[in-house]
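Every chain is numbered from 1 and lettered A, B, ... according to where its sequence line falls, protein lines coming before strand lines.
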There are 2 protein chains.
Amino acid sequence: MTETTTVPAAESVSEITAGSKSEQAYQAIKARIVEGTYTPGYRLVLAAIAKDLGFSVVPVREAIRRLEAEGLVKFERNVGATVAGIDPIEYLYTMQTLSIVEGAATALSAPLVGEADIARARAVNAEMRDCLEHFDPVRFTRLNQDFHSVLFEHCPNPHILDLVHRGWNRLASLRSSTFRFVPGRAHESVDEHENLLRLIESGADADTIEKAARLHRSATLDAYLSQTNAGSLSAQ
Amino acid sequence: MTETTTVPAAESVSEITAGSKSEQAYQAIKARIVEGTYTPGYRLVLAAIAKDLGFSVVPVREAIRRLEAEGLVKFERNVGATVAGIDPIEYLYTMQTLSIVEGAATALSAPLVGEADIARARAVNAEMRDCLEHFDPVRFTRLNQDFHSVLFEHCPNPHILDLVHRGWNRLASLRSSTFRFVPGRAHESVDEHENLLRLIESGADADTIEKAARLHRSATLDAYLSQTNAGSLSAQ
DNA sequence: AGGTACGAAATCGTATACGAAACATACTGA
DNA sequence: TCAGTATGTTTCGTATACGATTTCGTACCT
């Protein structure tokens, strides 16, 4: 008879969604930005979003502030928030920053990357190579992220790892991939991936790996820059 | 003649305080953490702080979320916020991250650092040398920040610069300076500063400067670690 | 007609209020 | 005596409401 008392019930079946409404709002808005529903420059009005999501404005407000901190939206006091644009100069800054933190993360991860990881990364890279034929920039970019994730996710320093994730996030918010603009870069990229894998396999020292990873990204940036001749602010 | 029309008057003289109350709350709480009024582990209760500052809980809440994003406070859902502790492992992560971003920022700044800057930095370093006699860790740490600020503030990439600032912020929240724990390190530090200045003066290449700046910080970290033998997770 | 000043609408910022979750404590039953 | 449950208190999470600020449209003056 007493057995029923121990079960405090499962929080009402339909409420397993996600933590707070702030969190839900954050996820929802972010998704719409990445997915393109909210295009750059789009004006994010608190009340409108709140009504749309069925929440009050308070959680929405908090979500937007979080997105601001991540650089996905631009916020102006007493005016409102807009989806951050694809300002080429911003793209440059983001890529440069990412080249540095990702390089470091990859180097720090390297000793912890096992054979299984290498194999997985190589498989992804093979898919990318296939992808070069009937070129699909979006798919290619997806695989690219998968590839690099394998290499840096073992980074033991959570702060650095977080910075890497933020960088990728920002890039994701730029609707079309870099490779759409610089398709030629894709070939080199795949080759550099293999090179990077060899370095890690052979237990190269951290500095070498870091430099390679950083250069891999700077090269993409440079390719983009020479395409759009947006000035020479190349990463070191 | 038309110029006069553009001036909408100075917003009422007494209201130059600071933008929003959220901002004020943010500054106030941060100050109390850095200054030590709120010691690590201290429980930040929204209502209490709000009453204390004379605001409502809403701006306070937002301020605390910002501080959480910067890592100054730890936040747990439905439980509350506490001032982030001096967890040695966290200190390690912060220092390692800072070594990387600060190194990069310094290297990127180097070409933009003029003679006047060098002179200023050298003056600060001289003060630090003086400071070595009757050693004052707090003052020394202040000067240390001044010195490095000169070297990285010209960094053209605002994202990286922001990351550097955040790192310094977190370190500042650790009440007593590193040099209190490792006073011997102070001497070497001053010498390394001079070395760094020479490199920049002579127009050394970015990679060399970056490495030197990064090593300068890693060395401080290592000194701390060997003092507390907190395991060997040394930066690269 | 051009530009300025005023006013209304829109939107944000903050206060207050209430419901929900977590923690501490006292009580009941074996 | 002790485990487990019930209750109370604290504190957070969110909704609603109102005041403050900006922006835009319109009428007026030169």
Side-chain angles (χ1 to χ4, degrees), chain A residues 1-29 38 41-69 73-83, chain B residues 1-29 38 41-69 73-83:
Chain A
M1 68 264 289
T2 54
E3 61 169 66
T4 59
T5 63
T6 56
V7 181
E11 306 267 346
S12 129
V13 193
S14 63
E15 279 297 335
I16 321 175
T17 49
S20 56
K21 300 205 175 176
S22 309
E23 179 66 22
Q24 291 176 250
Y26 169 76
Q27 298 289 352
I29 299 173
Y38 295 154
Y42 184 93
R43 182 120 183 251
L44 298 170
V45 179
L46 292 181
I49 298 176
K51 200 182 69 175
D52 187 37
L53 293 176
F55 302 154
S56 149
V57 295
V58 182
V60 175
R61 181 184 169 80
E62 189 165 316
I64 288 190
R65 295 308 282 261
R66 274 180 68 185
L67 290 168
E68 184 203 8
V73 311
K74 221 169 39 182
F75 194 86
E76 200 176 348
R77 154 142 178 149
N78 278 323
V79 173
T82 58
V83 176
Chain B
M1 67 260 288
T2 55
E3 63 169 64
T4 58
T5 63
T6 57
V7 180
E11 306 265 348
S12 129
V13 191
S14 64
E15 279 297 334
I16 320 174
T17 48
S20 56
K21 301 205 175 176
S22 308
E23 179 66 21
Q24 291 178 249
Y26 168 77
Q27 298 289 353
I29 299 173
Y38 295 154
Y42 184 92
R43 181 122 184 248
L44 298 170
V45 180
L46 292 182
I49 298 177
K51 200 182 68 176
D52 187 37
L53 293 176
F55 300 155
S56 147
V57 296
V58 182
V60 175
R61 181 185 168 81
E62 190 165 316
I64 288 190
R65 294 310 280 261
R66 274 180 69 186
L67 290 167
E68 184 203 7
V73 311
K74 220 168 40 179
F75 193 87
E76 200 175 348
R77 154 144 179 153
N78 278 324
V79 173
T82 57
V83 177

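Residue Val58(B) is classed as a base contact, given a heavy-atom separation below 4.0 Å to a base. Counting any heavy atom pair closer than 4.0 Å across all strands shown, Leu44(B) reaches sugar-phosphate atoms only and no base atom. Among the heavy atoms of the strands lying under 4.0 Å from Val45(B) are primed sugar atoms or P, OP1, OP2 only; no base atom is included.
Atom CZ of Arg77(A) and atom C1' of dT21(D) are 8 Å apart (whole Å). Atom-to-atom, CZ of Arg61(B) to C1' of dT11(D) comes out at 11 Å; the value is rounded to the nearest Å. In this structure, the CG atom of Leu46(A) is 17 Å from the P atom of dA17(D), given to the nearest Å. Rounded to whole angstrom, the span from the CZ atom of Arg43(B) across to the P atom of dT10(D) amounts to 12 Å. Between the P atom of dA20(D) and the NZ atom of Lys21(B) lies a distance of 10 Å, rounded to the nearest Å. Atom CD in Glu62(A) sits roughly 7 Å away from atom P in dT14(D) (whole-Å rounding).
Listed by residue number, there are no residues of residues 48-56 of chain A with a heavy-atom contact under 4.0 Å to DNA chain C.
Applying the side-chain hydrogen bond (donor to acceptor under 3.5 Å, both in side chains) test to every pair with at least one member in residues 56-66 of chain B, sequence neighbours left out, gives these pairs: Arg61(A)-Glu62(B), Glu62(A)-Arg61(B), Glu62(A)-Arg65(B), Arg65(A)-Glu62(B), Glu23(B)-Arg66(B), Arg65(B)-Glu68(B). Here salt bridge (charged side-chain N to carboxylate O under 4.0 Å, His left out) pairs that include residues 42-55 of chain A, with residues two or more places apart or in two chains, are Arg32(A)-Asp52(A).
Toward the 5′ end of DNA chain D lies the nearest nucleotide of Ser20(A), the other residue of the pair Glu76(A) and Ser20(A) mapping further downstream.
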Would you mind writing out the side-chain donor-acceptor pairs for residues 76-83 of chain B within the sub-3.5 Å range, not counting sequence neighbours?
none

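Here Lys21(B) pairs with Gln24(B), Phe55(B), Pro59(B) under the side chain to side chain contact (heavy atoms under 4.5 Å, CB included) rule; sequence neighbours left out. Applying the side chain to side chain contact (heavy atoms under 4.5 Å, CB included) criterion to Ala28(A), with sequence neighbours excluded, gives Leu53(A).
Side-chain N/O atoms of Ser22(A) include one lying less than 4.0 angstrom from OP1 or OP2 on dT14(D).
Side-chain atoms of Pro59(B) lie closest to dT14(C) of the nucleotides dT14(C), dT22(D), dT16(D). When distances are taken from the side chain of Asn78(A) to each of dT22(D), dT14(C), dT16(C), the shortest belongs to dT22(D).
Here the closest heavy-atom approach between residue Ala63(B) and residue Ser22(B) is recorded as CB-O, 3.9 Å.
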Q | Stepwise side-chain contact (heavy atoms from CB on, under 4.5 Å) check, Leu44(B) with Val60(B) | A | CA-CA 10 Å; Leu44(B) 298 170; Val60(B) 175; over 6 Å; no
